[in-house]
Amino acid sequence: MQFGIFTVGDVTVDPTNGREPTEAERIKAMVAIALKAEEVGLDVFATGEHHNPPFVPSSPTTMLGYIAARTERLLLSTATTLITTNDPVKIAEDYAMLQHLADGRVDLMMGRGNTGPVYPWFGQDIRNGIPLAIENYDLLRRLWREDVVDWKGRFRTPLQSFTSTPRPLDGVPPFVWHGSIRSPEIAELAAYYGDGFFANHIFWPAEHTQRMVGLYRQRFAHYGHGSADQAIVGLGGQVFMRRNSQDAVREFRPYFDNAPVYGHGPSLEEFTSQTPLTVGSPQQVIDKTLGFRDYVGDYQRQLFLVDHAGLPLKTVLEQLDLLGEEVVPVLRKEFESLRPAHVPAAPTHASLRAAAEQANAAEQSGADAVTGAEDRR
Amino acid sequence: MTVRTLAVVSAGLSQPSSTRLLADQLAAATRDELVGRGEQVELHPVDLREHAHDIVNHLLTGFPSEALRQVLDQVTGADGLIAVTPIFNASYSGLFKSFFDLVDADAVGGRPVLIGATGGTARHSLALEHAVRPMFTYLRAVVLPTAVFAAPEDWSGGTAEGALRSRIGRAARELAEQVHRAAPSRGPADPFALTTDFEQLLRGGEG
């Protein structure tokens, strides 16, 4: 199972001292957080993509490319890549390039974006959110899988004899997750292609996530990619830890009370009982996270949100220390011991390349059996 | 025989509340009319005051608390709805509107709704027509012709045989008739139900 962090990349005032980081500070903080994630033994760093203040990460592959150069093992991902307003041609190119630079340590999570005014800045219309996601993603897949593409659709100028370069590393496109909060259509899209499904999970009751993941698993099996429990599921989580749980609550409360998403609404206590947010000791985080499996089944990727609501970098890095030293090693061991053998791990470049080679070999031997051919293509 | 459910939403703020009193009278009269038509009736009274914090929290976080979710399910799953608000500053109260802002646009479509209001002066009475009725029309509910407004003079004249009582009776008959005629509610809509499949989505259909 993969563990990591995902960041929205918001610039938020620290409510305890009124200090607002500059964009430069926030961008460098995101990089520091990614490097720390590798240092403490996490597997994945995923950045958001936004094109409006107060968010800084408008150019994910620039940031991920930089992080790729400074890390060895960390898998670089997104949360999410805007499949609606980005040109799928540019996504195909940018992430194939990143794949080469990062030696395959790349996957993506597709999302639609829910801010209406952003769409027209990129020539689109939020009312077409789902159709855009469907059409653009279908094209993106073809650009990565077919060397020469002729294409005509509803939202983009047609393509004639187009080759997206560079071609994906080893001919293996990056693995794709689809992120969604409550759109059954996106669970359906992920299931149709046999891609991963990432439930945002945070900010929402467990019941939502359970229903969405259940739908995805059922449709994954329907489309013949395997049994429902073999579908590739990722979850978000949101934690704040101190060794003593009361210290965690006391320190986090002002950040919670003023957080952009839920601030000035429910109490910290209400929200932690209604959503996956865990504020407490590492052991409490372990217990709550292990409990996710009870309602989504065995899953492949757990990403934590740790750097939001104006928390200072120093505090975030301390959170990563606790995750890496105390939480994730236990979770790894526990989840692994619970996972049945037929439930796969999350795909990586290496596993996808091996699968592609195996498929090619099988196809070849099948062809040989039929034709008796000796030559190799 | 099926049991018909009536959700009775009251946005009164004081305790006791004349808004709740009007809602109760409308509910009792409708129940009697339905029983007279051979129906069994279950009333689900909802005092929005009890859910005021949860309503604001839902507006801010995007999801209901468990208690509020049950209330929303009761309202959107009922066979008929009685909705009564105090009139503040010439319109429904903010709490009443905030609650119905949490109801999906399709969730009460085709459902019969009896609207009522209370106010400090009879000059507020048309707020039912210019504010409350259009909101439910937007939600594609079937808003009954008789809307019931209770002014202070309606309460001061006693409750037995006044003009208010006859309006309540007429409105209750209209609601009971609609509920009696309609097929039983199939319960609240499932927001996670998949209404399309991928082939259809790929062809440009949105389900």
Side-chain angles (χ1 to χ4, degrees), chain A residues 114 127-135 137-139 141 153-155 180-195 199-200 202-216 218-220 222-223 259-267 270-271 273-275 277, chain B residues 48-77 94-109 138 140 186-207:
Chain A
N114 57 8
R127 291 170 294 179
N128 296 326
I130 298 255
L132 271 167
I134 306 271
E135 177 176 305
Y137 183 59
D138 193 58
L139 173 56
R141 285 181 62 87
R154 181 178 156 197
F155 297 111
S180 178
I181 295 170
R182 59 180 302 173
S183 300
E185 294 91 341
I186 298 303
E188 172 73 0
L189 182 155
Y192 178 83
Y193 290 113
D195 292 340
N200 163 290
I202 61 175
F203 311 144
W204 300 85
E207 154 86 2
H208 281 222
T209 302
Q210 183 176 12
R211 293 291 311 277
M212 291 291 290
V213 171
L215 173 64
Y216 160 68
Q218 179 204 330
R219 300 298 289 174
F220 181 92
H222 168 83
Y223 285 115
V261 177
Y262 38 65
H264 312 287
S267 69
E270 286 170 320
F271 205 72
S273 77
Q274 292 166 355
T275 75
L277 170 65
Chain B
L48 294 185
R49 186 184 201 288
E50 293 169 12
H51 304 284
H53 280 266
D54 279 354
I55 289 167
V56 172
N57 288 347
H58 186 173
L59 290 169
L60 295 179
T61 62
F63 68 87
S65 68
E66 184 54 30
L68 183 58
R69 190 186 62 76
Q70 287 176 17
V71 168
L72 286 164
D73 284 353
Q74 276 181 354
V75 169
T76 59
L95 182 60
F96 182 85
K97 180 64 161 59
S98 293
F99 176 74
F100 282 102
D101 283 349
L102 302 174
V103 171
D104 284 339
D106 299 321
V108 294
Y138 172 79
R140 294 193 282 274
R186 282 171 299 174
D190 178 359
F192 298 103
L194 185 68
T195 56
T196 179
D197 69 15
F198 196 75
E199 298 293 353
Q200 196 181 348
L201 289 171
L202 206 53
R203 286 193 305 267
E206 290 174 50

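To find a chain, count down the sequence lines: A is the first, B the second, and so on, and within it residues start at 1.
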Atom CD of Glu135(A) and atom CG of Leu202(B): how far apart are they, to the nearest 0.5 Å?
-> 9.0 Å

Can you say whether Leu189(A) sits under 4.5 Å from chain B via the side chain, the backbone, both, or neither, judging by heavy atoms?
-> both

Which of Arg182(A), His208(A), Glu270(A) touches chain B most, by non-hydrogen pairs under 4.5 Å | His208(A)

Mind checking the CD1-CZ spacing from Ile134(A) to Arg203(B)? Nearest 0.5 Å is all I need.
-> 12.0 Å

Do the ring planes of Phe271(A) and Phe63(B) sit parallel (below 30°), tilted (30 to 60°) or perpendicular (above 60°)?
-> tilted

Residue part contacting chain B, namely of Glu188(A), when any heavy atom lies under 4.5 Å = both

Comparing Tyr262(A), Phe203(A), Trp204(A) against chain B, the one with the most heavy-atom pairs below 4.5 Å turns out to be Trp204(A)

Is any side-chain heavy atom of Asp197(B) closer than 4.5 Å to a side-chain heavy atom of Tyr192(A)?
-> no

Where on Thr275(A) is there a heavy atom nearer than 4.5 Å to chain B: the side chain, the backbone, both, or neither?
-> side chain

Give a yes or no on this: more than 12 heavy atoms of other residues, nucleotides or ligands lie within 6.0 Å of atom CG of Asp101(B).
-> yes

Least distance between heavy atoms, Ala193(B) atom then Pro184(A) atom = O-CG, 3.7 Å

Count the heavy atoms belonging to other residues, nucleotides or ligands that lie under 6.0 Å from NE2 of His222(A), then report whether that count exceeds 12.
-> yes

